[in-house]
Visitor: 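This structure is in structure tokens; I'll ask about it shortly.
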Amino acid sequence: MSVARPSSSAKLALLTSGGDCAGLNAVIRAVVIHATHNYGWEVIGIQEGTHGLLFDPPHIQKLDPGKLDFELFRKGGTILGTTNKGDPFSLDTPTGKKDCSKEMIARLKALGCGMLIGVGGDGSMSILKRLADLGGIRLVGIPKTIDNDVGATEISIGFSTAVDIATEALDRLQPTAASHNRVMVLEVMGRDAGHIALHAGVAGGADVILIPEIPYDIKKVAAHINGIRKRGRNFALIIVSEAVPTKEGRKIGKVFAGGQKRLGGIGDYIGEQIAEMCQAEVRVTVLGHVQRGGPPNATDRTLATAMGVHAVDLLAKGAGDRMVCWINRQVESVKLGDAIATYRAIEQSDSMITAARALGVCFGN
Ligand code: F6P
């Protein structure tokens, strides 16, 4: 079957969706430069994910490579804005839920865009696929999330920088812990998976790593801390993923306006028990959104650049319904549906778990 390749006057829509992370601006830069200079397309940025398409006229930004900030790839956040709220197929409105998908597709088509690059996590990717399927729009997804839990790719944009930030936090907590004979607990993000805690825990020399993929027993954590103290070390570092549950299996969090549930607080829960069980002075740091902002590191810049270029090349070949991924040191792509259908939690056989255990790190089990 022959595929229709876009003409040089084609228009490409580009959006970032879901929680922001470091590296999004580097993707935007790569897509805009490659699509414009090498294929002659016009790139239209949709503002705030699909949200920009809810307005008439739509909230858009023409992305001209000549007018892009030269420093863009170094900068955190996303110049297009993003949102991790609302599903266009069932959007909260003052008069109840509304399906806005058809008007969004119509606006995209009225802009002359038959191609879309969506940079997002698994949730955004599913929504974009439904929209694209419905509207006959050729979609290529680019995976980004500090949580690194998108299936079918070894790494997502934003993860590496988040790990650097969490590692630096442990580096900074260690001397103050040692100076005050304290146990420091660092709570990091990861809504469902513990990738940030595992990688930063290994890189930052945590004594205990708690992740949702490994059920823990607080008595074992306390015994490990007591062992360290008995052997003469006066401080200890614990890193815990926000998705780790309490003893009863409850995830701690908060409900924000509009009913949005967000995790946070397991660090305090663990800290209080360790203080009591080990008779130790404990302090808790919740790293929060610091992990998402700030300039992307070199890995996220290179990943974003390679993925952005590959996404444009796929569309240029007439492809669609694909997600760009990083496999075996290469940019590849998979069927979008296959990527969405898989989820990337930490496997028990993960080499980082093996390495950490070999060095005596406690996972609480
Ligand atoms: O999915 C990315 C993420 O940063 C999670 O790690 C975290 O649980 C969530 O988003 C926080 O969302 P918000 O920015 O809405 O507080």
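Numbering of residues begins at 1 and proceeds along the displayed sequence. Note that ligands are numbered from 1 as they come in the structure, with each ligand's atoms numbered from 1 the same way.
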Visitor: By number and element, which atoms of ligand 1 are closer than 4.0 Å to a non-hydrogen atom of His289?
Guide: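 Near His289, meaning under 4.0 Å from one of its heavy atoms, ligand 1 has 13 (P), 14 (O), 16 (O).
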Visitor: Only heavy atoms of Asn84, strictly under 4.0 Å: list the atoms of ligand 1 that pass.
Guide: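 Every atom of ligand 1 under 4.0 Å from some heavy atom of Asn84: 12 (O), 13 (P), 14 (O), 15 (O).
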Visitor: With the 4.5 Å side-chain cut-off for hydrophobic clustering, are Ile225 and Ile239 part of the same group?
Guide: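 No, Ile225 does not connect to Ile239 through the hydrophobic network.
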Visitor: May I ask you to identify the nearest protein heavy atom to atom 11 (C) of ligand 1, giving residue, atom name and distance to one decimal place in Å?
Guide: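 Answer, as residue, atom name and distance: Arg292 NH1, 3.6 Å.
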Visitor: Show which atoms of ligand 1 fall inside a sub-4.0 Å distance from at least one heavy-atom site of Gly190.
Guide: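 Ligand 1 atoms under the 4.0 Å threshold to Gly190: 6 (O).
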Visitor: Which protein heavy atom lies closest to atom 1 (O) of ligand 1, and at what distance to 0.1 Å?
Guide: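 Result for atom 1 (O) of ligand 1: Asp147 OD2, 3.1 Å.
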Visitor: Determine whether more than 12 heavy atoms belonging to other residues, nucleotides or ligands lie under 6.0 Å from atom CZ of Arg233.
Guide: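 Yes, CZ of Arg233 has more than 12 neighbouring heavy atoms, counting only those of other groups under 6.0 Å.
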Visitor: May I ask you to check whether Gln260 has an N/O atom sitting below 3.5 Å from an N/O atom of ligand 1?
Guide: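 Gln260 vs ligand 1: no N/O contact under 3.5 Å.
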Visitor: If hydrogens are left out, which of Arg191, Arg262, Lys144, Glu242 has an atom nearest to atom 7 (C) of ligand 1, that is, the closest non-hydrogen atom?
Guide: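 Going through Arg191, Arg262, Lys144, Glu242 one by one, Glu242 has the nearest heavy atom to atom 7 (C) of ligand 1.
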Visitor: Does this structure show an ion pair linking Asp133 with Lys129, if we count only N-O contacts that are shorter than 4.0 Å?
Guide: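 Salt bridge: yes.
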Visitor: Taking atom CD of Glu347 as the centre, does the number of heavy atoms from other residues, nucleotides or ligands within less than 6.0 Å exceed 12?
Guide: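 No - once you tally the heavy atoms of other residues, nucleotides and ligands closer than 6.0 Å, there are 12 at most.
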Visitor: Should the ring pair Phe70 and Phe73 be called parallel, tilted or perpendicular, given that the plane angle runs from 0 to 90° and is split at 30 and 60?
Guide: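 If you compare the ring of Phe70 with that of Phe73, the planes turn out perpendicular.
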Visitor: Using a strict threshold of under 4.0 Å (side-chain N to carboxylate O), is an ion pair present between Asp92 and Lys97?
Guide: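 Yes.
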